[in-house]
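What follows is a short report on a single structure.
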Amino acid sequence: MTSLGLNTTLFSRGSTRQRCSLFGKSRSCHPKPIDSIFRASAAPSLVKALSTEHPGVSFPILVNGCTGRMGRAVADAAVCAGLQLVPVTFSNSEKPNRTLQVGNVEIMIHGPSERENVLSFIYNEYPNVIVVDYTVPHAVNGNAELYCKLGVPFVMGTTGGDRELLYKTVRDANVYAVISPQMGKQVVAFLAAMELMAEQFPGAFSGYSLQVMESHQAGKLDTSGTAKAVISCFQKLGVSFDVNKIKMIRDPKKQLEMVGVPEEHLEGHAFHMYHLTSPDETVSFEFQHNVCGRSIYAEGTIDAAIFLSKKIKSKAEKRIFDMVDVLREGNMR
């Protein structure tokens, strides 16, 4: 039996754990009455410091979804990068009646019925603002329609939704956007390599069987978009596989005992395994990439926002980008 393995494990900063195998073993919010949306939005509470890593790069960024862990991680990364964090975010709750502290910025949380009025005002106040979306799958298309209606450029990090409709909405509105189901730069580079292999060697794995397992925190409702993208490459390489056969692990107990996810990362991880076997079962290939924490996605998202800001300033003819475009541009943090 010949076996080839490709294993990549990425941990949040400060982690001392060793590589995990898929087959191996918040800050508080305080209540506060909601002020007028105009007074809250116009308040001069943006972060003014410029990034030392990107001198001269500073623009307003509004993170839609700061109440979630991923959105919060992006907001923290925006502050660290020296971007101007707009003190507004949105919630699925109609009357959230609270604020959220990110660095020295107090974020006012608004309900769904206020979205259009608040975002319209923000766009008038900060015409070079970029919205980052980390909400929930069922909100993807509605949020994109709102951004496009107002002409606000955005980075869509939320997975799920009707992706064909999403792209059509953006194309029809001719709005600048970065859309990617995967914001981790190194994972995107792996995906790009897979796509190149599929393009250059179609049918190379004809007849091989495929097993796919992906594990994410219990709060992730949809199937991994990254897994679907990798499977698409394998299909071009000649593998027959039904995406409905992806083994999704969302049970923390199974993640600990079967997948080998570190306990401290149960609420924020992305483990993927793809196992290929030849028809006679004498050859196997295993591709694996494990991510613990959210920093890889947050940092990639900020790079995407900086990239988009530059494209807008240069009046680029192309309007819709993905993370491969960001990678090709280089100059990332």
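We count residues from 1, following the sequence as given. When reading the values below, keep in mind they use all heavy atoms of this one structure, side chains included, and skip hydrogens, waters and symmetry mates.
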Verdict with supporting geometry, S215 and H269, side chain to side chain donor-acceptor pair (under 3.5 Å): CA-CA 8 Å; S215 172; H269 70 277; 2.8 Å; yes

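- The salt bridge (Lys or Arg N to Asp or Glu O under 4.0 Å) analysis of residues 162-171, with sequence neighbours excluded, yields the pairs K168-D172.
- Side-chain atoms of T159 and D222 include a donor-acceptor pair closer than 3.5 Å.
- When the ring-ring contact (aromatic ring centres under 6.0 Å, His included) test is applied to F234, the partners found at least two apart in sequence or on another chain are F287.
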From CA spacing to verdict: side chain to side chain contact (heavy atoms under 4.5 Å, CB included), H275, L210: CA-CA 6 Å; H275 189 86; L210 175 65; 5.8 Å; no

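- For Y134, there are no ring-ring contact (aromatic ring centres under 6.0 Å, His included) partners two or more places apart in sequence or in a different chain.
- For residues 131-151, the salt bridge (Lys or Arg N to Asp or Glu O under 4.0 Å) pairs, not counting sequence neighbours, are E116-K149.
- Closest of all the heavy-atom pairs between A227 and I246 is CB-CD1, 4.4 Å.
- Side chains of R115 and N143: a donor on one and an acceptor on the other come within 3.5 Å.
- For A73, the side chain to side chain contact (heavy atoms under 4.5 Å, CB included) partners two or more places apart in sequence, or in a different chain, are M70, R294, A298.
- Every residue was checked against the salt bridge (Lys or Arg N to Asp or Glu O under 4.0 Å) condition with D322, not counting sequence neighbours, and none meets it.
- Evaluation of the salt bridge (Lys or Arg N to Asp or Glu O under 4.0 Å) rule for R250 yields E214 as partners, not counting sequence neighbours.
- Considering only heavy atoms from C-beta on, V155 stays 4.5 Å or farther from V131 through its side chain.
- Residues T277 and V283 fail the side-chain proximity criterion, which asks for heavy atoms closer than 4.5 Å.
- The distance from the NE2 atom of H265 to the SG atom of C292 is 4.5 Å, given to the nearest 0.5 Å.
- Here CG of L308 is found 10.0 Å from CD1 of I61. Values are rounded to the nearest 0.5 Å.
- In terms of the side chain to side chain contact (heavy atoms under 4.5 Å, CB included) criterion, residue partners of K245 (sequence neighbours excluded) are, by chain and number, F241, D242.
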Please report, to 0.1 Å, the donor-acceptor pairs under 3.5 Å made by any side chain of residues 197-206, with sequence neighbours excluded.
{"from": "S206", "atom 1": "OG", "to": "G203", "atom 2": "O", "distance (Å)": "2.8"}

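- Of the residues V170, V132, N64, the one that meets the side chain to side chain contact (heavy atoms under 4.5 Å, CB included) test with F154 is V170.
- Taking the six-membered ring where the residue is Trp, H216 and H272 present perpendicular rings, their angle passing 60° and hence far from 30°.
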Give the table of side-chain donor-acceptor pairs shorter than 3.5 Å for residues 174-183, with sequence neighbours excluded, one pair per line with atom names and distance.
{"from": "Y176", "atom 1": "OH", "to": "A316", "atom 2": "N", "distance (Å)": "3.2"}
{"from": "Y176", "atom 1": "OH", "to": "A316", "atom 2": "O", "distance (Å)": "2.5"}
{"from": "Y176", "atom 1": "OH", "to": "R319", "atom 2": "NE", "distance (Å)": "3.3"}
{"from": "S180", "atom 1": "OG", "to": "Q182", "atom 2": "N", "distance (Å)": "3.1"}
{"from": "S180", "atom 1": "OG", "to": "Q182", "atom 2": "O", "distance (Å)": "2.5"}
{"from": "Q182", "atom 1": "OE1", "to": "G184", "atom 2": "N", "distance (Å)": "2.7"}
{"from": "Q182", "atom 1": "NE2", "to": "T226", "atom 2": "OG1", "distance (Å)": "2.8"}

Pair D76-V79, side chain to side chain contact (heavy atoms under 4.5 Å, CB included): steps then yes or no: CA-CA 5 Å; D76 286 333; V79 171; 5.7 Å; no

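- To the nearest 0.5 Å, atoms CZ (R328) and CZ (F321) are separated by 12.0 Å.
- Taking CG of L237 as the reference point, atom CD1 of I231 lies at 13.0 Å (rounded to 0.5 Å).
- Ion pair E329/K311 flagged as a salt bridge, since at least one NZ, NE, NH1 or NH2 atom sits closer than 4.0 Å to an Asp/Glu carboxylate oxygen.
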Test side chain to side chain contact (heavy atoms under 4.5 Å, CB included) applied to T89 and H110, step by step: CA-CA 6 Å; T89 193; H110 295 277; over 6 Å; no

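- The closest side-chain heavy-atom distance from F271 to V261 is below 4.5 Å.
- Partners of K318 by salt bridge (Lys or Arg N to Asp or Glu O under 4.0 Å), not counting sequence neighbours, listed by chain and number: D325.
- Interatomic distance, NE2 of H138 versus OG1 of T158, reported as 10.5 Å (0.5 Å rounding).
- Between the CD atom of Q101 and the SG atom of C66 there is a distance of 11.5 Å, given to the nearest 0.5 Å.
- Side-chain contact between I320 and Y167 is present, with heavy atoms from C-beta onward closer than 4.5 Å.
- Taken together through direct or relayed side-chain contacts under 4.5 Å among Ile, Leu, Val, Met, Phe, Trp and Tyr, V324 and I306 form part of one hydrophobic cluster.
- In this view, K228 satisfies the salt bridge (Lys or Arg N to Asp or Glu O under 4.0 Å) rule with no residue, not counting sequence neighbours.
- When hydrophobic clusters are built by joining Ile, Leu, Val, Met, Phe, Trp and Tyr residues whose side-chain heavy atoms come closer than 4.5 Å, directly or via intermediates, M156 is not grouped with L221.
- A heavy-atom distance below 4.5 Å is found between the side chains of M248 and T223.
- At a threshold of 4.5 Å between non-hydrogen side-chain atoms, the residues K313 and S309 count as touching.
- In this structure the side chain of L62 never reaches within 4.5 angstrom of the side chain of I130, judged on heavy atoms.
- Within the 4.5 Å cutoff, the side chain of I296 has no heavy atoms near those of the K185 side chain.
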